[in-house]
Amino acid sequence: MEVVESPGTGPASGAQVTHSDLANAVRFLSMDAVERAGSGHPGLPLGMADVATVLFTRFLKFDPTRPEWPDRDRFVLSAGHGSMLLYALLHLSGYEEVTLEQLKAFRQLDGLTAGHPEYGHCPGVETTTGPLGQGLGNAVGMALCERLLNARFGDEIVDHYTYVLAGDGCLMEGVSHEAASLAGHLGLGKLIVLFDDNGISIDGPTSLAVSDDQGARFAAYGWEVSSVDGHDAEAIAAALEAARSSARPSLIACRTVIGYGSPGKAGTAATHGAPLGSEEIAGARAALGWPHPAFEVPRDILEAWRAAGLRGSAVSAAWNGRVAGLGKADLAEFQRRLMGLLPAGWAAGLEDLKRAAAVERPVVATRVASQRVLEVLSAAVPELVGGSADLTGSNNTKTAAQEVVGAGRFAGSYLHYGVREHAMAAAMNGLALHGGVIPYGGTFLVFSDYCRPAIRLSALMSQRVIYVMTHDSIGLGEDGPTHQPVEHLASLRALPNLNVFRPADTVETAECWALALTSGQRPSVLALSRQGLPTVRGEPGAENLCALGGYILAPAESERQVTLLASGSEVSLALEAQGLLAAEGIPAAVVSLPCWELFAEQSQHYRDEVLGPGTLRVAVEAGVPFGWERWIGAGGTVVGMTGFGASAPAKDLYRHFKITPQAVVTAVKERL
Ligand SMILES: Cc1ncc(C[n+]2csc(CCOP(=O)(O)OP(=O)(O)O)c2C)c(N)n1
Ligand SMILES: [Mg+2]
């Protein structure tokens, strides 16, 4: 066995390497790194070192030389503040890039070892965690994805566990309730949560704020629940054995002492999120029998860790053999899916749909157009996994051919997520991160707020997750202001690395869906109307105009004096205003701006061509004007909402809030 020696690695400790030695290596690397950084969270790594050591050295199926091995077990540190635990584990078990130097550079610019684990920064980090509870939601998506792919490719190819380390905070978060309930319902037996049951969070004992019986709660969701002394390696191992053979998802409550080993602070919130201090660390060295200097791991202990890391190499090599034995078509399909590539010819049906829509010129809601698109896409792109948070019929997210996924039924591609927007969105991140599927899921745009923590993480992690958000304005009508988004477009547009699409008709809807699928590094929100909309793109052409973010939909008949800017349902309204202005001898162009993010990425030259900087610019959108200043220039204005909506038929609301072609004409004439 070859041991890659870390710089600073000390001499052999002499005696037989024990579980405690292995766990203490994790503890001291964590303490030392936090101390050196001058910030971080030592409490969790010290408390959970025993549990994590048992998992990584005896159970976890992974190959440190191959962090992306598709059939690896996933390990999600949902309690992301304990990041040093993960970095120490990755270093010790032999992830080449996670060097001792990286541990010494904990929390520093350009390092792999960010304050909270960040997906894409550090091999072995399966998802970005830090917002408590989200990791658990991601893990539900990963465990679900494992079952979906298993149903397609079989036990030989896809068969792994998803482990989660969650703290009191994760379990207090609302998203954990939705996610655990969903996992129980789906019977995700290969999902195992290790709960750091230390009874402490930042403010002090958790008894200050919570009296839940967590075990009873999870049992009620249909989980297998056990409780162990989180410092007893054999008990932990036995609990893991049992959990792995359960057909239900498992929660193992691990009773631990936060900051274990810190003589003056263990068991208190003082260890949660601050360096222990050199005196306290010296005390811990004495208490735990670890005489080695900072960042030094005795050679035999490191060797034992590396040997544990090597357990996976034969397993991953054997897996290669099984994959090679797949039939040619299955092999190609498996590889394509994992690479995230779309099947050859996937867009042909969309092109047909665009052409047909241009001829038929249907008056339909864009949510209905989206369903037409999905009917075409879900046949051509089998890795699409759809769903809705109990609004399937309203979001138009389910196609006729899609089979519903349920416990023991994973061959389908549609999920009834239930009224669980938080969990749906977090699970979709997990589905995308796992790889092999492309998730989309629906709710009303106003409830994008309930998905927002996960949308933000989709964007931060550059994941291709597609949020189908219907009922995108007062145009939804009678359900009233609780259901009418006004600030949501602005607020979603403020999120970096997120494409917010608001298509105007069937043609644009098809184009925006194509962009959502091909923007491999970016999540998308599709804001879709409830109300019927006329076709505005009579000549769609072969080019995807929405890819430009915005374009001149209807040029002025003579030299333009006015540029009308609109998105989605207000594009047809702007076209009407254009007609009224023309009748008064005012030449205006209409610009459709379905995606600001993509438009902002075009050249200045192109944007000027579209926006017409020398013209009066008036924007119209049934939302708050916030953000439109970017496009309307100093003399321009916005016809939009100034506050919340109201309960009435849509037509009356547009009139009431003065979002009409006539109002646009008035705004123009006041300024010309
Ligand atoms: C959504 C969210 N809210 C608040 C925080 C800030 N925060 C980080 S850790 C923590 C306490 C977590 O307690 P616990 O999970 O018990 O961790 P322990 O102190 O046991 O390590 C809080 C409130 C956060 N990271 N995410
Ligand atoms: Mg705690």
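All values below come from the heavy atoms of this structure, side chains included, with hydrogens, waters and symmetry mates left out. Quick caveat: nothing in here was measured; it's all calculated off a predicted structure. As the structure lists them, so they are numbered: ligands from 1, and atoms in each ligand from 1.
In terms of protein heavy-atom proximity, atom 13 (O) of ligand 1 is closest to Ser201 CB, 3.2 Å. Protein heavy atom closest to atom 20 (O) of ligand 1, with residue, atom name and distance, is Asn198 ND2, 2.7 Å. Gly169 N, 2.8 Å is the protein heavy atom nearest to atom 15 (O) of ligand 1. Among all protein heavy atoms, the one lying closest to atom 12 (C) of ligand 1 is Leu132 CD1, 3.7 Å.
Set against the non-hydrogen atoms of Gly167, the atoms of ligand 1 under 4.0 Å away are 15 (O). Ligand 1 places these atoms under 4.0 Å from at least one heavy atom of Ile258: 18 (P), 19 (O), 20 (O), 21 (O). Residue-ligand proximity, Pro131 to ligand 1, at heavy-atom distances under 4.0 Å covers atoms 26 (N). Close contacts of ligand 1 with His81, meaning ligand atoms under 4.0 Å from a residue heavy atom, involve 9 (S), 15 (O), 17 (O), 18 (P), 21 (O).
A donor-acceptor pair shorter than 3.5 Å cannot be found between the side chains of Asp390 and His416. Counting only N and O atoms by type, the side chains of Ser458 and Tyr467 include a donor and acceptor under 3.5 Å apart. Inspection of the Arg107 and Ser39 side chains reveals an N or O donor paired with an N or O acceptor under 3.5 Å. Of the N and O atoms on the side chains of Thr206 and Asp168, not one donor lies less than 3.5 Å from an acceptor on the other residue.
The cationic atom of Arg244 (NZ for Lys, CZ for Arg) lies less than 6.0 Å from the six-membered ring centre of Tyr161 and within 45° of the ring axis. No cation-pi contact links Arg248 to Trp223, judged by a cut-off of 6.0 Å to the six-membered ring centre and 45° from its axis.
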Query raised in the report: Taking it one step at a time, do Asp63 and Arg72 satisfy salt bridge (charged side-chain N to carboxylate O under 4.0 Å, His left out)?
Result: CA-CA 7 Å; Asp63 179 353; Arg72 69 192 181 279; over 6 Å; no

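Around atom 1 (C) of ligand 1, the closest heavy atom drawn from Glu173, His116, His272 belongs to Glu173. Here the shortest heavy-atom distance to atom 23 (C) of ligand 1, taken over Ile202, Thr271, Thr256, belongs to Ile202.
The closest approach between Gly130 and ligand 1 falls below 4.0 Å for a heavy atom of the residue. Ligand 1 does not have Ala79 within reach: every non-hydrogen atom of the residue lies 4.0 Å or more from it.
Rounded to the nearest 0.5 angstrom, Leu136 CG and Thr127 OG1 are separated by 11.5 Å. The OG1 atom of Thr129 sits 9.0 Å away from the CG atom of Leu457 when rounded to the nearest 0.5 Å.
Contact of the His160 side chain with the Lys61 side chain is registered, since non-hydrogen atoms from C-beta on lie closer than 4.5 Å.
In summary, Glu234 and Arg58 engage in a salt bridge, as defined by a charged side-chain N under 4.0 Å from a carboxylate O. The pair Asp196-Arg255 does not count as a salt bridge, with every side-chain nitrogen at least 4.0 angstrom from each carboxylate oxygen.
For a distance threshold of 2.8 Å, the protein N, O or S atoms nearer than that to the Mg ion (ligand 2), listed by chain and number, are Asp168 OD2, Asn198 OD1, Ile200 O.
By the side chain to side chain contact (heavy atoms under 4.5 Å, CB included) test, Ile200 pairs with Asn198, Ile258, Ala269, sequence neighbours left out.
At a 3.5 angstrom cut-off on N or O pairs, Asp168 counts as close to ligand 1. For ligand 1, the polar-atom distance check finds an N/O of Ile200 within less than 3.5 Å of one of the ligand's N/O atoms.
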